[in-house]
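Every chain is numbered from 1 and lettered A, B, ... according to where its sequence line falls, protein lines coming before strand lines.
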Amino acid sequence: MKNFVYHRPATLAMALPLLSDKWGPTELLGGGTDLLDRTKDYVSGPDVVVSLTGIGGEFRQITPSFPPGRFPPAVTIGAGMKLAEIAENKDLKNSYPALATAAGMIAGPQIRNMGTLGGSLCQRNRCWYFRDEHVHCLLKGGKKCYAQEGENQYHAIFTAGHPCVIVNPSTLAPPLIALGATAKVAGPKGERVLPVEKLFQAPVKETQREHTLAPNEILVSVTIPVSVPQFARGCNASYEVKQRETNEWPLVQAAVAFHFEMDSKVAKGVRVVLGHVAPTPLVSEAAAKALEGKEVTEATAAAAGEAACEGVKPLSQNEYKVQQLKVAVKRAVLLAAGAKPYWSEG
Amino acid sequence: MAKADGWPKKRRLLGTRVRRLDGPAKATGRAKYSFDINRKGMLHARFLRCPHAHAKITSIDTSAARKMPGVKAVVIIGVGRTGFVSEIDGSKLVYRVPPPKKEAKKKKDEIFTVEVKEGVTLISRNKVVKLSDLKPNDPVTVEAEQEAVGRELFYAGDEIAAVAADTEEHAHDAVRAIKVAYAVLDHMVSEEEVLENPKKKTTPGELEGNLSSGKEATKGDVEAGFKEADAVVEGKYGVPVISHQCLESHGLVAEWDAEGGLTVWCSTQATVAIAGQLAGRFGVPQSRVKCITHYMGGGFGSKFTPGVHGFAAADLARRAQAPVKLMLDREEEVTTAGNRPSAYGKVKIGGKKDGTITAFAIDCYGTPGYTGGATVNLNLLPYVYLDAIPNWKRSHSVALINAGGAQAMRAPGHPQNCILTEFAVDDLAAKLGIDPLIIRRKNLPPNNPKVKEKDPTAWLGRRNDIYNEQLDIAVRLSGWKEKWHPPGKGPGAGTLKHGIGMALHTWGGFAAGGTTPNECHVRINKDGTATAETSTQDLGTAQRTVTAIVTAEILGLEPTDVVVNLGESQYGFSSGSGGSTTCPSQAPAALLAAQAARNDLFKKVGPRVGADPKDLAIEPGKVVDTKNKKEWTWQEFCARLGMDEAKGKGEWSLALSNEDDNAGISSGQVAGVQVAEATVDSETGVVRVKHMVAVQDCGLVVSKLTCESQVCGGVIMGLNYAVFEEIIRDDVTGRQVNPDMEFYKLGGLGDMPKITVHLMDMPERGVIGIGEPPTISTAAAIGNAVFNALGVRVPILPLTPKHVLDAVAKRGKAK
């Protein structure tokens with residue numbers, strides 16, 4: 001690991017001036033579950049590391065707000081919140097199981113006790129070529145994406161137009177986007193708010209990250225708005241296909257949110273977001289459209305799954321993920337609607 | 001060797017569930033592994049490794065690295081010669097290198113001349129010296145760094161140099177400051193590429209290309225056998241290269257003492273062999289080299305030699321005159337410290353409606369990496385059924401690739417044999433429309449009546465009976481009769497498919513061969529304590545507990561009363577812990593040592609208490625005079641030793657176990673049956689193993705609890721082999737893409753099934769090793785369970801969702 005200067009500011013205001021306006025010289029440290037690996041593996045070599053662990057206030061809070069007569073509540077989650085805290089938060093568990101379950105399924109307890117919301121959203125990708133010090137890929141200033149023709153079983157299946165075929169590694173982004181969340185970002189010019197969806201991009205060169213923040217900006221918090229109309233029942237869920245029970249990246253993930261009016265079983269306001277299948281979390285308009293205004297049944301859920309795969313272009317080794325994605329969307333829809341999981345034992 | 005008493009007929013501790021003696025030390029971290037050893041002034045070492053899969057060094061310059069902060073020593077790998085000073089001429093050293101001992105008569109000394117300047121290191125009597133320190137005929141090792149130029153490196157990870165510095169970080173920095181330029185050469189990292197280019201040469205050795213083909217054998221008339229069959233199945237099955245993934249990586253701490261002796265705290269399976277090899281390499285008497293391995297975090301066959309890292313650590317330590325720690329990091333562990341070779345085979349099998357297999361043909365290949373031999377155990381194919389199938393044909397070729405070389409791994413060749421055979425057997429059963437249980441019963445290896453007549457306890461005379469009994473037990477414990485269904489025809493129409501499968505295995509597990517027997521020494525002190533000493537190592541197999549149980553059994557003590565000192569090479573000879581030989585070598589040695597110590601106690605104390613040693617016997621906690629009906633508490637009796645101590649030495653080996661007088665103390669050869677129950681999510685391809693039944697014979701069970709634990713460990717390892725593990729290499733870069741524990745997958749607690757272990761108690765056969773057998777058939781049984789669940793064969797392991805869905809999709813397209 002290269003030596004670096006370490007700062008641990010007590011406030012965001014103190015942290016911001018420490019950041020460089022270029023990618024590379026400075027890195028933000030949240031839980032360290034990504035940055036430490038990268039620096040030890042000589043994939044990243046910052047001169048300055050700015051730890052955010054000393055920052056309190058909004059950055060370290062989960063704040064629900066209950067507008068009169070409306071449920072579920074809006075919730076603001078500080079970027080410094082630990083994954084375990086998100087997974088265990090009662091309001092999130094009750095109202096936004098898509099987010100709470102996704103947080104609770106990330107890696108294992110050690111990672112969840114260290115890793116943060118901000119880290120989950122802003123971490124670097126897990127492509128094994130990118131993570132190998134000796135491979136000079138597109139994202140490290142090289143000329144070539146080695147995964148395109150190489151070992152790509154865990155890579156993107158939505159690859160059209162993407163010179164780099166990583167998958168975005170965030171498991172919290174798809175549920176947040178499905179729930180219509182916004183992100184608050186602090187920078188040298190003050191604060192700005194943007195949809196979480198707009199927080200992501202497909203990087204193609206060394207000077208880009210998997211997110212759209214500037215190098216001298218810090219993600220402060222994320223807010224899930226009140227999105228379910230009055231007298232309607234909000235439904236949301238995330239479903240991941242994983243090979244192992246724990247300490248495992250999802251092979252594919254689907255997060256869905258919609259609502260039922262009164263006693264209806266008809267899905268309204270459908271949002272479907274796909275994870276771990278493209279260089280960014282992917283909003284699937286096609287899947288949403290397939291389900292919108294339909295009663296939720298195995299057949300309509302499956303149709304949404306089929307629609308989600310529109311435009312898919314798998315690589316040489318990952319066609320299997322297309323099948324899994326169809327199933328993940330179907331299962332997420334059924335889970336959100338409160339159906340008994342047909343895929344479980346007993 | 002005196003005639004052995006044999007094992008006690010009445011077993012008080014043997015075969016019972018005794019808790020692992022070092023369990024609390026391990027669970028609390030008190031147990032010190034090699035990784036935990038920190039010596040005063042200790043340095044840390046790191047390697048510079050070749051980043052390319054195949055390259056030549058075109059230039060090397062360590063001068064900047066040598067000046068880095070904290071750097072104390074640098075070793076260049078693969079260069080350096082040891083000989084004697086002939087002449088010193090200014091800054092020139094002329095030295096002669098004698099030929100290897102074998103060729104000493106034919107060849108003359110070779111003469112070399114070196115200009116001694118920066119980048120040339122001289123070592124004499126294990127110390128770095130200046131040219132002016134040397135005089136003619138002094139021993140000298142000359143390392144000229146520029147001789148590394150032109151050296152060919154054969155895989156990504158091949159060692160180039162090692163550096164020792166005051167901190168690990170400084171060592172890392174220094175390694176990165178070594179300037180090396182490479183000429184990158186063509187590489188091949190997949191078996192298929194080697195098969196397609198059999199003449200292309202990218203690996204060392206005599207072969208014309210990377211492929212050595214053509215090991216073949218035949219029995220009977222294979223074509224006639226297939227003609228006779230009611231059904232014939234052909235398939236291609238296989239399993240990739242995997243890593244040992246030792247939780248404690250390879251490595252050691254090396255420290256030289258003022259007398260020129262060397263001590264290493266080494267993570268090894270062979271303390272005595274390590275000491276011997278280091279002594280040989282550094283020209284030190286073996287009595288001055290000590291290898292200590294009190295605790296060991298997994299070797300599985302990969303830790304028998306010092307390895308490049310072991311020699312480098314000791315070399316750095318002598319150069320720096322300070323202790324050096326060199327433990328491989330995870331990437332190094334996975335890419336360079338050994339592997340289990342791959343095996344892929346085209347298999348054709350034919351059989352009759354009643355399940356009789358009439359013919360079996362296999363053509364297989366695999367890779368051990370850039371060096372190494374067979375990747376299956378060809379002499380045992382078709383596996384288990386070899387002696388029952390009348391007509392078979394087998395052939396095997398080895399494809400060398402640009403990757404780290406193989407090391408033995410828990411039952412070398414057997415798991416691959418088992419997969420290649422047992423997958424085909426179940427596919428044949430499916431085509432014949434019969435229960436796989438029937439086809440197995442029908443083709444079990446026959447008893448050898450001649451052996452049975454001579455020795456009714458011997459395995460060869462009764463193996464058919466043992467397998468049948470094991471099948472009975474496995475069928476009962478797994479609920480096979482209720483749970484088995486024709487492949488893909490399980491109950492329910494849901495997406496979660498249930499399946500059950502089985503496989504058989506066999507292994508040796510004899511006492512260690514070789515000319516020197518394994519030793520154990522037992523001492524009884526006047527305070528009633530007993531100490532057992534042996535140089536053997538406890539790999540996590542509970543050898544410490546085994547030695548205590550045996551000693552305590554004979555001396556009427558509890559296992560916790562016995563202090564066991566093991567894992568130090570100076571405690572007499574022991575062989576490496578491989579081939580499941582440790583318990584069958586060491587338990588008898590402890591038995592004989594304890595009996596000899598007991599006899600010595602009786603001889604010394606008997607006259608002092610007025611008893612004839614012949615009449616004395618031990619009962620729990622006491623010594624009794626059987627003739628005069630007198631008794632003493634153990635403490636009281638031992639106190640009469642006064643200034644004496646009672647001691648005994650035990651020795652055991654394969655040769656001793658074969659002596660007629662020694663029948664029933666240790667033997668070998670075992671059968672084993674495993675049944676796997678699994679579910680497959682047919683929509684996502686995710687496999688979950690739900691229950692494993694492992695039925696195992698291992699003769700006389702010494703330590704039941706840890707023996708069961710070892711079977712569980714074998715099953716877990718086999719499950720990972722079946723479902724998760726695979727070394728994945730990129731053809732373009734030639735590098736392993738998953739040298740970690742992130743995408744090199746191992747199951748966690750949540751992925752583990754219920755494991756039911758049944759040990760058959762056969763005390764008449766004596767002790768037999770259990771290390772290898774219980775991991776052999778697990779993967780094949782799980783593969784067969786998945787076939788039973790889906791009705792589709794997933795032919796290539798691991799059973800990842802990708803492989804499962806690809807197999808299902810392929811079948812769908814074929815229909």
What part of [X] is in contact with chain A, defined as an atom under 4.5 angstrom from a non-hydrogen atom: side chain, backbone, both or neither?
X	result
D751(B)	both
R688(B)	side chain
V808(B)	neither
E683(B)	both
V732(B)	side chain
D806(B)	side chain
E742(B)	both
T733(B)	side chain
K690(B)	side chain

Note to self: Salt bridge check, E306(A) against K326(A): does any charged N sit closer than 4.0 Å to a carboxylate O?
What the structure shows: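 Salt bridge flag = yes for E306(A) with K326(A).
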Checklist line | Centroid separation H54(B) to F154(B) less than 6.0 Å | finding: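 Yes.
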Note to self: Under 6.0 Å between ring centres: does that hold for W343(A) and Y239(A)?
What the structure shows: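 Centroid distance W343(A)-Y239(A): below 6.0 Å, so yes.
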Note to self: Between E677(B) and S478(B), is there a side-chain donor-acceptor contact under 3.5 Å, judged purely by atom types and distance?
What the structure shows: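 No, E677(B) and S478(B) have no side-chain donor paired with an acceptor closer than 3.5 Å.
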Item checked: Within 6.0 angstrom of K140(A) NZ, more than 12 heavy atoms from elsewhere ->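 Yes, NZ of K140(A) has more than 12 neighbouring heavy atoms, counting only those of other groups under 6.0 Å.
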Next item on the list: Examine R131(A) relative to F743(B) and say whether NZ or CZ is less than 6.0 Å from the centre of the six-membered ring and inside a 45° cone about the ring axis.
Entry: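 No; the conditions do not both hold, so R131(A) does not lie above the ring face of F743(B).
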In terms of heavy-atom proximity below 4.5 Å to chain B, should [X] be classed as side chain, backbone, both, or neither?
X	answer
D132(A)	side chain
K144(A)	side chain
Q317(A)	both
K321(A)	neither
R126(A)	both

Item checked: Derivation and outcome, salt bridge (Lys or Arg N to Asp or Glu O under 4.0 Å), residues E331(B) and R49(B) -> CA-CA 11 Å; E331(B) 178 171 347; R49(B) 297 178 179 277; over 6 Å; no
Checklist line | Top contributor to chain A contacts, counting heavy-atom pairs under 4.5 Å, from M741(B), H52(B), R176(B) | finding: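 Counting heavy-atom pairs under 4.5 Å, the top option is R176(B).
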Next item on the list: Decide salt bridge (Lys or Arg N to Asp or Glu O under 4.0 Å) for R46(B) and E332(B); before the verdict, give the C-alpha distance in whole Å, the side-chain angles of both, and the deciding distance to 0.1 Å.
Entry: CA-CA 10 Å; R46(B) 300 313 311 161; E332(B) 295 174 309; 2.7 Å; yes
Margin query: Under the salt bridge (Lys or Arg N to Asp or Glu O under 4.0 Å) test against E27(A), which residue among K2(A), R124(A), R38(A) passes?
Written below: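 Result: among K2(A), R124(A), R38(A), R38(A) is the only option passing the salt bridge (Lys or Arg N to Asp or Glu O under 4.0 Å) with E27(A).
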